[in-house]
Number of protein chains: 2
Amino acid sequence: MKDARRSGCPINLTLEILGDRWSLIVLRDMMFGNRRHFRELLTKSDEGIASNILADRLRRLVEEGLISKADDPSHKQKSLYSLTEMGIALVPVFAMMGAWGRRFLPVTEELSIRAELLEDGGPALWDDFMEELRAIHLGAPRPARSVFGELQAAYEATVARRLTAAAC
Amino acid sequence: MKDARRSGCPINLTLEILGDRWSLIVLRDMMFGNRRHFRELLTKSDEGIASNILADRLRRLVEEGLISKADDPSHKQKSLYSLTEMGIALVPVFAMMGAWGRRFLPVTEELSIRAELLEDGGPALWDDFMEELRAIHLGAPRPARSVFGELQAAYEATVARRLTAAAC
DNA sequence: CTTAACCGGTTGCGATTTGCAACTGGTTGA
DNA sequence: TCAACCAGTTGCAAATCGCAACCGGTTAAG
């Protein structure tokens, strides 16, 4: 993964930053799972990223300006990773990728419920979500609506439903 | 690049197919550059893909169902690659990725003019474009509007403008 | 008919990247 | 005091990438 510019095409430049198997996974967990610390990202991910890969991706994403790193005041050793505006602006990309994946790939219900809401909500919901992410990650004023809460609640409801069904 | 399912998340599953530096480049050239043959994809790409990588990606994309391969009746050795509906459905993903890249990365004017039109045109233009791609790649009836033509014309106008400016 | 250009790849090889597991030095809370 | 937790680092084998040279067959021009 070198950083030599292959061309000035927006798709190409985007792929030079995000075109691998892990970068968007890390961003997804920060964005939709509110994972902000190394250990959270390492252990609470369904895909099981290796610690050296995670360290490398975080460093690279900081370098490229998609996330930022700061000390967590509550713990001398904790680092707090935050999305920047550049990272937050990926919401529509995630929405479209999620919609595409949901349509063509063998997704599981509980892991695709967020993608479904994001797709159904459209640009208005994306904007609300980005506004909330700016509050969470950039210290902007917190908006009235919590899209994050809605997505999380829907996810948890789906998990609960599965557990109930399994118990019967 | 193994194909073991890491999770049923739509983002993850999408990345397992498209999460590398070349797959989307190949699809971009087929979609926006109308490259349909191996040699075209190999030589007419700004990024300069290697032939073994191209062969591997084409094989993989066929396997995954994003493109199809057929004999070109005009030449016994030519293969004709076509987008499937699954590939055509990536138009909104490209649009959003292009918009993001254009906003945050050092794109060149002539290579981002298509992304600009795609962004400004919105879902209505994407639908028209997908309809046209279905005509080109799947033999569907050709729609009245040619978004492909519009994108191509805008690109060529930008190139021409640059040449004129350079001549002055 | 000859021949050069073109066709879709394949092969070999060194360099890079990945994935795994064990480990490090320091911090915190019980 | 000590176990759990913190953000990574290190070493190593396997897979992948990127480059360049090459292949047998086909086509079009002379």
Side-chain angles (χ1 to χ4, degrees), chain A residues 1-7 12 15-26 29-30 33-64 67-82, chain B residues 1-7 12 15-26 29-30 33-64 67-82:
Chain A
M1 239 190 233
K2 47 184 171 191
D3 45 339
R5 296 269 160 65
R6 301 186 300 188
S7 88
N12 174 58
L15 287 175
E16 291 188 5
I17 294 180
L18 299 173
D20 73 278
R21 266 178 149 66
W22 289 111
S23 298
L24 283 171
I25 295 285
V26 172
D29 285 349
M30 290 183 65
N34 202 33
R35 256 73 104 166
R36 308 288 297 275
H37 302 109
F38 190 92
R39 231 48 183 199
E40 279 181 312
L41 287 162
L42 185 66
T43 59
K44 293 184 185 168
S45 156
D46 288 318
E47 289 86 9
I49 191 171
S51 58
N52 54 343
I53 308 281
L54 176 59
D56 178 75
R57 291 305 181 279
L58 286 171
R59 184 184 52 73
R60 209 170 294 214
L61 290 172
V62 168
E63 242 174 56
E64 299 289 351
I67 63 177
S68 65
K69 179 181 178 175
D71 291 338
D72 185 331
S74 78
H75 189 303
K76 277 185 187 169
Q77 271 184 319
K78 267 187 178 172
S79 286
L80 185 69
Y81 289 97
S82 302
Chain B
M1 240 190 231
K2 47 185 172 189
D3 45 337
R5 295 271 159 66
R6 301 185 300 188
S7 87
N12 173 57
L15 286 176
E16 290 188 6
I17 293 181
L18 299 173
D20 74 278
R21 266 179 150 67
W22 289 111
S23 298
L24 282 171
I25 295 285
V26 172
D29 285 348
M30 291 184 65
N34 202 35
R35 255 72 104 168
R36 308 289 296 274
H37 302 110
F38 189 91
R39 232 44 182 207
E40 279 182 312
L41 288 162
L42 184 64
T43 59
K44 294 184 185 169
S45 156
D46 288 318
E47 289 85 10
I49 190 171
S51 58
N52 54 345
I53 308 281
L54 176 58
D56 177 75
R57 291 305 182 278
L58 286 170
R59 186 185 50 74
R60 209 170 293 211
L61 290 171
V62 168
E63 242 176 58
E64 299 289 352
I67 64 176
S68 66
K69 180 182 179 177
D71 292 337
D72 184 331
S74 77
H75 190 303
K76 277 183 186 167
Q77 272 184 319
K78 269 187 177 170
S79 285
L80 185 69
Y81 290 97
S82 304

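Note that the coordinates shown come from a computational prediction; the quantities given were computed from them, not determined experimentally. Any value given below was found using the heavy atoms of this structure, including those in side chains, with hydrogens, waters and symmetry copies removed. Below, chain A is the first sequence line, B the second, and so on; all start at residue 1.
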Exercise for the section: With DNA chain D as reference, determine whether B:Arg39 or B:Ala50 sits nearer its 5' end, using the nearest nucleotide of each. Expected result: B:Ala50
Practice task
Report yes if a side-chain nitrogen or oxygen of A:Arg57 is closer than 4.0 Å to either non-bridging phosphate oxygen (OP1 or OP2) of C:dT18; otherwise report no.
Solution key: yes
Exercise for the section: Could you tell me which residues satisfy side chain to side chain contact (heavy atoms under 4.5 Å, CB included) with B:Arg59, sequence neighbours excluded, listed by chain and number? Expected result: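 Applying side chain to side chain contact (heavy atoms under 4.5 Å, CB included) to B:Arg59 gives B:Asp56, B:Glu63.
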Exercise for the section: Return the set of residues passing side chain to side chain contact (heavy atoms under 4.5 Å, CB included) with B:Lys76 (not counting sequence neighbours), or none when no residue passes. Expected result: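 B:Lys76 satisfies side chain to side chain contact (heavy atoms under 4.5 Å, CB included) with no residue once adjacent residues are dropped.
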Of the options [options], whose atoms approach the side-chain atoms of [X] most closely?
X	options	answer
B:Ser51	D:dA20, C:dC20, D:dA7	D:dA20
B:Ala55	D:dG18, D:dA7, C:dG9	C:dG9
B:Lys69	C:dG9, C:dC20, D:dC17	C:dG9
B:Asn52	C:dG8, D:dA20, D:dG8	D:dA20

What's the [atom1]-[atom2] distance between [X] and [N], to the nearest Å?
X	N	atom1	atom2	answer
A:Asp20	D:dT16	CG	P	15 Å
B:Asp71	C:dC7	CG	P	15 Å
A:Tyr81	D:dC6	OH	P	14 Å
B:Leu42	C:dT10	CG	C1'	13 Å
A:His37	D:dG8	NE2	C1'	14 Å
A:Ile53	C:dT16	CD1	C1'	12 Å
A:Ile49	C:dC20	CD1	P	11 Å
B:Asp56	C:dT11	CG	P	13 Å

Handout entry: Closest-nucleotide 5' rank along DNA chain C - winner of A:Trp22 and B:Arg36
Key = B:Arg36
Problem - Any B:Ile49 side-chain heavy atom under 4.5 Å of B:Leu41 side chain - result: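 They are not in contact (no side-chain heavy atoms under 4.5 Å apart), so the answer is no.
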Judged by atom type as modelled, is there a donor-acceptor pair below 3.5 Å linking the side chain of [X] to the main-chain atoms of [Y]?
X	Y	result
B:Arg57	B:Val26	no
B:Asn12	B:Ser7	yes
B:Arg21	A:Asp20	no

Fill in the blank from the handout: All heavy atoms of B:His37 vs all of B:Ser79, minimum pair found to be CD2-O, 2.9 Å
Problem - Residues from residues 72-80 of chain A lying under 4.0 Å of DNA chain C - heavy atoms - result: A:His75, A:Lys76, A:Gln77
